[in-house]
Structures are given as C-alpha cells and as structure tokens.
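Inspection log for the structure reproduced underneath, given as structure tokens.
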Amino acid sequence: MQQERSNFTNKLGFVLAAAGSAVGLGNIWRFPYLAAKYGGGTFLLIYLILAVTFGFSLMIAEISIGRKTGLSAIGAFKSLDKRFGFLGILASAVPIIIFPYYSVIGGWVLKYFAVFISGGVSSAAGDDYFTTFISGTFEPLVWFFLFLGATAVIVLLGVEKGIEKVSKVLMPLLVILTLFVAIYGLTVDGAMDGLAYYLMPHMSDVSAKTILAAMGQLFYSMSLAMGIMITYGSYMKKENNLESSVRQIEIFDTGVAFLAGLMIIPAVFAFSGGDPDTLSAGPGLMFMTLPKVFNSMRFGSVIGTLFFILVFFAALTSAISLMETIVSIIMDKLNWTRRKSCIFVFILALIMGIPSSLGFGPLGFISWMGMSVLDIMDFISNSVLMPIVAFFTCIFVGFIIKPKSIVEEVQEGNVTFKSEKMFTVIIKWIAPIFLVLILASSVASALGIFTI
C-alpha cells in the first residue's frame, strides 16, 4: 500500500526545517575559514551576491520540483521526464555518501561539547589532543554511534513530530547562541582588526579562485544538489508562498554563516595576530585553533561550551535532513514504512561510516592522492557529484521541462514570481557555465594543478 506523504504543518515549519538543513558545519567552520583565506570582506561580498542570485535560483528549482511531483529526488526527475531518471539516482547518491562521514564529524563535535561542558578546555587546547583523539579506534566510533543514534531517533519521529518540532526549537537557539558568542568575541583585545578584515572588501583580492571558492561554498551552505531541497519541497503545502519561503531560508542560512565568520575570524585574528596560516587552517580551525582561543579568553570555558553546543545543533539539523532524504527515497522506491526505512539507513550509515572514522588511525594506510577515507568521500560527493547534479538540474529545468514549469509552480495560488526573469537567465545560461568551471577547478585542485 502506498505510504501517505507527510507535510510540514505550516510555512514556518518548512522554512525552519529547510534552513536547519542548510545551516550546518559548512556555515560554522567552512565559511569562516574560506572567508579568512580569500580576503575576508571580499569573499563575503562575492558570496552574498552569489547567494541571492545563483543560490536562490537553484533552490527555487529544487523545491519546486519536489512540491510539483510530491516525490523525493529519485522519483521526481523520472516522473517529469523518464530520460532523466539517472539524475534522480545521482542526486540520491550524494546524501548516501555524505551522511555517514558527516556523522563521524558530528561525533567529533559531540565529543568536544562533552569535553568543554566537563571543564576540559585546557586539555582540548593541547597541540596533539585532536589528532590523538581521531586516530583512536574505540572512542571516535562511540561518539559517531551516539550522534548517528540521536539523528535516527528524530527522523524516526517523522516530519511533523520530529523534524519540524526539533527545527522550531534548535534554529532560533542556534541564532541566539551564535549572536551572543560573536558579540562576546568582539570584546577580546585585537578583535577589531579582525572585524575590519572580515567586513572590508578589497577589489585587489578579487580573483577567479575567490569567485569559484564562494560558488562552491553555496553547495555546502545551502544543501543544494543532494536531493534534500527536493525532498523537503515534496512535504511543502501548495498554499505556502514558495518564493518568499526560499528568501527566508536564504536569510537564515546566510545570516548564520555571516555570524559564524563574525564569531570566529575576529577572535582567531586577535589570538594569532592575523597569521594567514592560522586563519586558513581548514577543519583544524574548529578542533585545534579555536580551543586554544577559548583557553586564552576570559570565561573561555563557558564561551567554548556555548560554541560547541551551537555547532552540535548545526551539525544535527543538517544530519537530520541528510538522513530524511535517504529515508524518503527508500519509502518512495521500496514502499517501506518509516520505521523500517530508518533502521535500514541507520545500519547502512553505521557500516559506511566506520572506515571514515578509522581512516585517521587503524585504516590510515588507505589513501588516494594524499586523502584519507573521509576526505575521499568528501571529494567524490562535494567536489564531483554535486556540481554534476547541479549542472544537469539546470539543463533539465532550462531546456527539458523549461523554466515555465517551475514558474507555474511558484505562481501556484495566483502568487507573483518577482524574480522570474533573473531565475530564467541564471538557470539556463549562467549557472551551467559556472558549474562546469567549479567541477574543472575541483578536479584540477585535487590533481595538484592548482589549489582552491
């Protein structure tokens, strides 16, 4: 028997859940270190311009496809044009690859939250603390299991009782905590220099690499090209205004990314004196540099605890959307119950995540082009599959079902689509060109031709 499709109860529930999906580790740690690496205010300005144009257009397309078909990615494309059934499979592969290793990182966040709340800020600030932890066998697996279990419980409760209720609590809390930590961080001596670096654009810093890095960040930041927004769109009621919902999701998502940069860059700038290597430390910025910053701050233990609470919230809301997307695919394809689908996805993610967790320790000998198991999974999903999925989505919307079909969905209920012309131009011409450049630059970077 066909499962009855769930719905978000109202527009607010949809916006907060979709924003919760978009607001994840990509906002909290990836956005600040990319902003630091690519000129602060210059990167910020370019990202904001791309978010309200390129990001908006792709998100409108994906949510519209979901709401129009009432299906997850694997069935949505096929229902609109059988020739594009492969695109649903590609889009579905992305969260299946990402969810296990994302949960491993979520486990690391949970571990640091536990360390900070128990007063272990000095220990966490040690030079070898992070590498010693992730290179272990048993402990990283335990934290991975706990994070995965928490995600599974929420998804098991369903769209309304689980995802929507949790998002309505966590998203406002996340914004309040981020704002509080950001304001406090600005009181640290030397933070104002970091604030100026973060907010002031310099045209001399504008380059192809900066634009491509900002474009690539949109995928991480806005949960694009991984079937998530199609799935959430399929739960959206027809009477909800689609365009204004996407704008509100963008405000939440970009606002949290902005606040994360405001929270991290000035504080790290003050701690390091603006050292470029410290500012662009990548994942190490969150797990190695920031504990040192908190340890050097007055009330650093309290601020550090609040920081890792909000990072945990961000990681959890994104993990929920990743798991829900996979569960929805299985429910649509195999007609399984939510309970059975959740148990299957939990076990699958556990099995797939173990190599990523052990890839820094017992399985450290497994590498490809200098990348660990987790890095390989990240490269395949984010640097290769996501640009490919986004490119074919643009071709599908722009030339197969035509932008008019999306416009009609947005205008459901006699609503005016204010950005119709911009959407049409970007989805047909501008976005595909940029996506090809992103894919080429990602592969070139991995091969060592140049680094982004």
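Worth knowing before you read on, the calculation uses all heavy atoms, side chains too, and leaves out hydrogens, waters and symmetry mates. The chain is numbered in sequence order, starting from 1.
Look at Glu409 and Lys238 and you find a salt bridge, because one of the NZ, NE, NH1 or NH2 atoms lies within 4.0 Å of a carboxylate O, short of that distance. Salt-bridge formation is detected for the pair Arg338/Glu324: a Lys NZ or Arg NE/NH1/NH2 atom is positioned less than 4.0 Å from an Asp or Glu carboxylate oxygen.
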Step by step, would you call Met236 with Ser245 a side-chain contact (heavy atoms from CB on, under 4.5 Å)?
CA-CA 10 Å; Met236 187 184 191; Ser245 296; 3.4 Å; yes
Decide yes or no on ring-ring contact (aromatic ring centres under 6.0 Å, His included) for Phe294 and Tyr112, but give the supporting numbers first.
CA-CA 12 Å; Phe294 294 134; Tyr112 269 69; over 10 Å; no
Assess the residue pair Tyr232 and Phe14 against the criterion (ring-ring contact (aromatic ring centres under 6.0 Å, His included)); give the C-alpha distance rounded to whole Å, side-chain angles, the decisive distance to 0.1 Å, and a yes or no.
CA-CA 8 Å; Tyr232 276 24; Phe14 168 76; 7.2 Å; no
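Stacking of Lys111 on the aromatic ring of Phe133 is recorded, both the 6.0 Å distance cut-off and the 45° axial limit being met.
The environment of Lys428 atom NZ is dense: over 12 non-hydrogen atoms of other residues, nucleotides or ligands sit within 6.0 angstrom. Within 6.0 Å of NZ on Lys402 lie no more than 12 heavy atoms contributed by other residues, nucleotides or ligands.
With no hydrogens or angles considered, a side-chain donor-acceptor pair links Ser221 and Tyr47 at under 3.5 Å. Looking only at atom types and distance, the side chain of Glu243 has a donor-acceptor partner in the side chain of Ser419 under 3.5 Å away. Side-chain contact annotation: Lys11 with Ser244, donor-acceptor N/O pair under 3.5 Å present. No side-chain N or O of Tyr38 forms a donor-acceptor pair with one of Gln217 less than 3.5 Å apart.
Using bins of under 30°, 30° to 60° and over 60° for the plane-to-plane angle, the ring pair Phe113/Phe312 lands in the parallel bin. Aromatic ring orientation, Trp108 versus Phe130: perpendicular (interplanar angle above 60°, classes split at 30° and 60°).
With rounding to the nearest 0.5 Å, the separation of CG in Leu310 from CZ in Phe180 is 11.5 Å.
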